[in-house]
Chemist: 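Sharing a structure below in structure tokens format, with a few things to ask.
Just so you know, these numbers use all the heavy atoms, side chains as well, and skip hydrogens, waters and symmetry mates. Sequence lines set the chain letters: A, B, ... in the order given, protein chains first and strands last, and positions in each chain run from 1.
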Amino acid sequence: GAGVSQSPRYKVAKRGQDVALRCDPISGHVSLFWYQQALGQGPEFLTYFQNEAQLDKSGLPSDRFFAERPEGSVSTLKIQRTQQEDSAVYLCASSLHRGPTDTQYFGPGTRLTVL
Amino acid sequence: AQSVAQPEDQVNVAEGNPLTVKCTYSVSGNPYLFWYVQYPNRGLQFLLKYITGDNLVKGSYGFEAEFNKSQTSFHLKKPSALVSDSALYFCAVSHDSNYQLIWGAGTKLIIKP
């Protein structure tokens, strides 16, 4: 079956622009996660949804970052007034159930470059 | 604070030899441990996980990992390395109080023919 998909795969933004990154999770997956991966580092947690409810947004680095999953499937990560330090790969993952033991399946990521 | 350490930035192994990629962790409560592999320009692919039970876990592509509670380690192993195993490997941990994965910095595995 289809895996997690993300779009766009690459995004170049000028500093100060707003961007929106999309994630299509595996159909039927309850949990959805967003991570940020800087070059040469491991991913870092941004936010977590269980269906449409955003249960944890403790990893969002500033109030310029906003995520939503209004119908419990597709999710959008929005970054307002982008800064150079926002340049990273943004990874989306989904898991079938809710819980810390459930395997997370990752999309290919969106590479954001802020000039 | 919860953390994961991968002490080696890079591991070099000759094709056909056994390989080990090291991972240690620090969490409060029961740890749930995962290994993922990342190929260039591709997403993270799940290899295996330890939840409970047998300390030796077998996963995809012939990989296995051993959970050692006393040493707080979860090293990834393979008996005979292939050139195609060359990639970036990440160890991650979650626990009962937190669904997010906490990641190590990654280890680049290079298998030489």
Side-chain angles (χ1 to χ4, degrees), chain A residues 2-10 21 23-26 29-51 53-60 67 88-111, chain B residues 1-10 21-25 27-53 57 59-60 65 67 74 87-108:
Chain A
V4 179
S5 60
Q6 293 185 246
S7 61
R9 289 291 311 276
Y10 303 91
L21 312 180
C23 172
D24 284 82
I26 295 171
H29 277 200
V30 168
S31 296
L32 186 145
F33 301 80
W34 284 97
Y35 293 88
Q36 181 190 60
Q37 186 177 21
L39 189 63
Q41 298 182 23
E44 292 194 0
F45 170 77
L46 293 176
T47 188
Y48 163 60
F49 290 86
Q50 198 174 99
N51 296 309
Q54 189 176 19
L55 298 187
D56 188 346
K57 53 182 181 179
S58 62
L60 296 176
V89 175
Y90 290 85
L91 298 169
C92 176
S94 69
S95 63
L96 181 59
H97 302 296
R98 51 184 70 90
T101 63
D102 219 30
T103 300
Q104 294 181 28
Y105 296 94
F106 283 79
T110 295
R111 182 178 297 277
Chain B
Q2 339 300 331
S3 64
V4 174
Q6 293 181 243
E8 302 152 318
D9 290 338
Q10 184 169 309
V21 182
K22 296 179 180 178
C23 172
T24 58
Y25 65 91
V27 297
S28 53
N30 293 320
Y32 307 116
L33 293 149
F34 299 77
W35 275 102
Y36 284 81
V37 59
Q38 189 173 43
Y39 296 98
N41 297 317
R42 293 175 65 178
L44 290 154
Q45 295 179 30
F46 169 73
L47 283 178
L48 52 78
K49 66 181 178 182
Y50 170 81
I51 304 302
T52 188
V57 179
S60 306
F67 172 66
F74 189 57
L88 191 56
Y89 289 80
F90 288 95
C91 180
V93 66
S94 64
H95 56 100
D96 288 324
S97 303
N98 208 331
Y99 295 2
Q100 62 173 275
L101 288 171
I102 299 159
W103 297 82
T107 298
K108 186 175 183 180

Chemist: Can you tell which of A:Gly42, A:Gly59, A:Pro100 has the highest number of heavy-atom pairs within less than 4.5 Å of chain B?
Modeler: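 Heavy-atom pairs under 4.5 Å are most numerous for A:Pro100.
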Chemist: Below 4.5 Å, heavy atoms only, C-beta onward: do B:Phe74 and B:Leu48 meet side chain to side chain?
Modeler: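 Sidechains of B:Leu48 and B:Phe74: in contact.
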Chemist: Treating B:Lys22 as the side-chain partner and B:Glu8 as the backbone partner, does any N or O pair qualify as donor plus acceptor under 3.5 Å?
Modeler: no
Chemist: Side-chain contact, heavy-atom cut-off 4.5 Å: A:His97 with A:Ser31?
Modeler: no
Chemist: Taking heavy atoms only and a threshold strictly under 4.5 Å, list by residue number the residues of residues 102-110 of chain A that touch chain B; give 'none' if the list is empty.
Modeler: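 The stretch touches chain B at A:Asp102, A:Thr103, A:Gln104, A:Phe106, A:Gly107, A:Pro108.
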Chemist: Of all the heavy-atom pairs spanning B:Gly104 and B:Phe90, show the shortest one and how long it is.
Modeler: O-CD2, 3.5 Å
Chemist: Side chains of B:Phe67 and B:Pro31, heavy atoms from C-beta outward: is any pair under 4.5 Å?
Modeler: yes
Chemist: At a heavy-atom separation under 4.5 Å, does A:Gln6 approach chain B through its side chain, its backbone, both, or neither?
Modeler: neither
Chemist: Does any backbone or side-chain atom of B:Leu101 lie under 4.5 Å from a heavy atom of chain A? Answer side chain, backbone, both or neither.
Modeler: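 Both parts, backbone and side chain.
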Chemist: Would B:Leu44 and B:Trp103 satisfy side-chain contact (heavy atoms from CB on, under 4.5 Å), going step by step from the backbone distance to the final call?
Modeler: CA-CA 12 Å; B:Leu44 290 154; B:Trp103 297 82; 3.9 Å; yes
Chemist: For residues B:Gln6 and B:Tyr89, report the shortest heavy-atom separation together with the two atoms involved.
Modeler: NE2-O, 3.0 Å
Chemist: When only heavy atoms count and the cut-off is under 4.5 Å, which of residues 43-50 of chain A reach chain B?
Modeler: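 Near chain B, by residue number: A:Pro43, A:Phe45, A:Tyr48, A:Gln50.
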Chemist: Are B:Leu33 and B:Tyr25 close enough, and set up right, to give a side-chain contact (heavy atoms from CB on, under 4.5 Å), and what steps lead you there?
Modeler: CA-CA 9 Å; B:Leu33 293 149; B:Tyr25 65 91; 3.8 Å; yes
Chemist: Does any heavy atom of chain A fall under 4.5 Å from the side chain of B:Tyr50, the backbone, both, or neither of them?
Modeler: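 Neither part, no heavy atoms under 4.5 Å.
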Chemist: Could you tell me which non-hydrogen atom of A:Ala2 sits nearest to which non-hydrogen atom of A:Ile26, and how far apart they are?
Modeler: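 The pair with the smallest heavy-atom distance is O-CG1, 3.8 Å.
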Chemist: Could you tell me whether the side chains of B:Gln38 and A:Gln37 share a donor-acceptor contact shorter than 3.5 Å?
Modeler: yes
Chemist: Looking at every heavy atom in both A:Asp56 and A:Ser58, which two are closest together, and how far apart are they?
Modeler: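 A:Asp56 and A:Ser58 have their closest heavy atoms at OD1-OG, 2.7 Å.
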Chemist: Counting only heavy atoms closer than 4.5 Å, note whether B:Tyr32 contacts chain A via side chain, backbone, both or neither.
Modeler: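 For B:Tyr32, the side chain is the part near chain A, not the backbone.
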Chemist: Set out, in order, the CA-CA distance, both residues' side-chain angles and the distance that settles side-chain contact (heavy atoms from CB on, under 4.5 Å) for B:Trp35 and B:Val21, then state yes or no.
Modeler: CA-CA 10 Å; B:Trp35 275 102; B:Val21 182; 3.7 Å; yes
Chemist: Measure B:Ile51 against the heavy atoms of chain A and call it side chain, backbone, both or neither at under 4.5 Å.
Modeler: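 The answer is the side chain of B:Ile51.
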